[in-house]
Amino acid sequence: MAQEDFFGKERNVKKPGEVMSTEGAVITLNGHLSLCQSVRANYTNKVIPNYEIGSPDLYLISGQTSGQVDISKMVSSSGFLQGFPEGKAACGEMTTVSINDNGTCGSAGKANIKFDQCLMQSIGIEMNVGNLAVSESVSLWVAFMGKP
């Protein structure tokens, strides 16, 4: 239902449940990852443009795919780096990250995404005066992103 505000602009307010909510989302990293604050995922396809001398033609070559997943979470009473694949980056062991929403909490529906064959690139810890909680983060290189 459209409503006109004080500035003469119309706003069409949608009912809850039409957009997926983070309240129903669950992220797992080799099991449940608790106190997760943010997840940022990026998956790219390398595209190489090729030109021919003396021609306006453009040839696009689709290359290799890869990505990165960055996860930030608060440190719990169980200590630092709980839930992250500690010690596995050096030996090259791959891990699986999945994010799903089971359709609860008024979300738009069920959705799942899987990042597979991930290798840890970096891990960090952050503390600052403005945020009283200590947080930690991990960055993972991703070989596959798709539906589970």
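The chain is numbered in sequence order, starting from 1.
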Less than 4.0 Å between a side-chain N and a carboxylate O, is that true for E136 and K73? yes
Roughly how far, to the nearest 0.5 Å, is the CD1 atom of I71 from the SG atom of C36? 6.0 Å
To the closest 0.5 Å, what do you measure between CG (D116) and CZ (F144)? 7.0 Å
Are a donor atom and an acceptor atom from the side chains of Y43 and S66 found within less than 3.5 Å of each other? no
Gap between atom CD1 of I123 and atom OG of S137 - 0.5 Å precision: 7.5 Å
With heavy-atom distances below 4.5 Å as the criterion, would you say the side chains of I125 and S135 are in contact? no
Between CG on residue D70 and OG on residue S139, distance to nearest 0.5 Å: 4.0 Å
Minimum side-chain heavy-atom gap L140-F115 below 4.5 Å: no
Heavy-atom side-chain contact between M145 and K114 under 4.5 Å: no
Give the C-alpha distance, both sets of side-chain angles, the deciding distance and a yes or no for side-chain contact (heavy atoms from CB on, under 4.5 Å) between Q68 and W141. CA-CA 5 Å; Q68 183 169 327; W141 178 86; over 6 Å; no
So do the side chains of Y51 and L58 get within less than 4.5 Å of each other, counting heavy atoms only? yes
Say you draw a straight line from CD1 of I48 to CD of Q64; how long is it, rounded to the nearest 0.5 Å? 7.0 Å
Is the shortest side-chain heavy-atom distance between I61 and N50 below 4.5 Å? yes
Can you see which heavy atom on N45 is nearest to which on G63, and at what distance? OD1-O, 3.0 Å
Side chain proximity check, V138 to M120, heavy atoms < 4.5 angstrom: yes
